[in-house]
Amino acid sequence: MTRLLYADFHQDVTAVFAQPFLLSTTVDDRLRRHVPDFLVLRGKDVPLVVDVKPRHLLTRPKVNFALGWAREVVLSRGWDFDVWCEPPEAELANLRFLAGYRRDWLFSEDLLAEIREADLYGASLREAFRAFPHHPEWRVRTAVLRLLWCQHFVTDLSVPLSEPHELRQGPAAVTGSGRHDLPPPVEERERNLDVPKDDVTVQRRESHAGGLVNEAAVRVGVGTRLKYDGEVVTVGGGDGRLCGWQRGPGARRVGPPVPVVAAGGTRFRSGGSHPGRTRSLVRRSDRDGLHRPGPAHG
């Protein structure tokens, strides 16, 4: 939504279309498809295709690859391509505030014309608010802010708006967060982890889902969803000693939010009304090292 706000503020934008079309091409002998987030039409420039992605995802190889080939396809048509990330906080807050004054039918055209005709360039917002004593100050204030939104006046939007801000003439300068290029992809880093208690070293990689994953063990927390044996499972709390990965989407037992450690391949056959159900055993860790599960219970 922030990209739409910036497009609304930009004087040259004539139309915006969400998810406007499907891009498809062949890359590395595979058919690739992608739907961009926005198509922005501009009066004095070529169309702009926009993809919105959080900044921290841009270096992930799959995201970087998809945006990269989509960018090349769009540029090959003579259009522009932007990746939109998080804009500066103060600037975004200022635009959100000024957007409350974008509806022109709420303002007196006579008062707006009177303010336009006055020589207020170089004046502060405080001075502009008090420059028309024959009008209620609240009415003048809203009219001046309306003229800031439609850029008859411009001011520094990189810091929070305040009455000392100076009114100037010229195009508004907003930074936004659109970027034409992409950062290089970054592969998942691998590092060694020594486990003093068992005197073994395991290779692990940082998982984007929040756990630490290797071929031998998975360190997770209660409520974490994992893919195990081809099924989506959820870590659940047990009786204070054991925790299980309950099978099935969304299924979990309520337990304390403590770290647990699961060793691959360890299973037990549960009793009760489901004697045929098998589950992986995990045991709560009492220190930072990796611990193998004890004997199966239950």
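Quick note: numbers below take in every heavy atom, side chains included, and nothing from hydrogens, waters or symmetry partners.
- To the nearest 0.5 Å, atoms CZ (R71) and CG (L23) are separated by 14.0 Å.
- In this structure, the side chain of R179 does not engage the main chain of D82 through any donor-acceptor pair within 3.5 Å.
- The distance from atom CG of L147 to atom CG of L167, rounded to the nearest 0.5 Å, is 9.5 Å.
- No donor-acceptor pair closer than 3.5 Å links the side chain of H34 to the backbone N or O of L67.
- Using modelled atom types, no side-chain atom of R139 and backbone atom of P136 make a donor-acceptor pair closer than 3.5 Å.
- Remark: the backbone N or O of T59 is not paired with any side-chain donor or acceptor of N64 at under 3.5 angstrom.
- When all heavy atoms of A118 and F132 are compared, the closest pair comes out as CB-CZ, 3.8 Å.
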From CA spacing to verdict: ring-ring contact (aromatic ring centres under 6.0 Å, His included), Y6, W84 = CA-CA 11 Å; Y6 275 78; W84 183 265; 5.0 Å; yes
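- Scored by the side chain to side chain donor-acceptor pair (under 3.5 Å) test, Y101 finds no partners at all (sequence neighbours excluded).
- Annotation for R116: atom CZ counts as buried by contact number, over 12 foreign heavy atoms lying within 6.0 Å.
- A 4.5 Å side-chain heavy-atom check between R130 and E163 finds at least one atom pair inside the cut-off.
- Judged purely by atom type and a 3.5 angstrom limit, E91 uses its side chain to pair as donor or acceptor with the backbone of G176.
- Side-chain N or O atoms of T155 include one that pairs as donor or acceptor with a backbone N or O of E166 at under 3.5 Å.
- Side-chain atoms of V13 and L48, non-hydrogen and from C-beta on, never get closer than 4.5 Å to each other.
- The NZ atom of K53 sits 11.5 Å away from the CZ atom of R60 when rounded to the nearest 0.5 Å.
- In this structure, the side chains of L98 and L145 come closer than 4.5 Å at one or more pairs of heavy atoms.
- At distances below 3.5 Å, at least one donor-acceptor pair connects side-chain atoms of Q151 with backbone N or O atoms of F9.
- Using a 4.0 Å cut-off between charged nitrogen and carboxylate oxygen, R3 and D37 do not count as a salt-bridge pair.
- Figure legend: R32 and W69 shown without cation-pi pairing, the cationic atom not lying both under 6.0 angstrom from the six-membered ring centre and within 45 degrees of its axis.
- In this structure, NE2 in H165 is found 7.0 Å from CG in L157, a value given to the nearest 0.5 Å.
- R55 contributes a side-chain N or O that, together with a main-chain N or O of E86, makes up a donor-acceptor pair within less than 3.5 Å.
- Between Y121 and F153, the ring-plane angle classifies as perpendicular under the 30° and 60° cut-offs.
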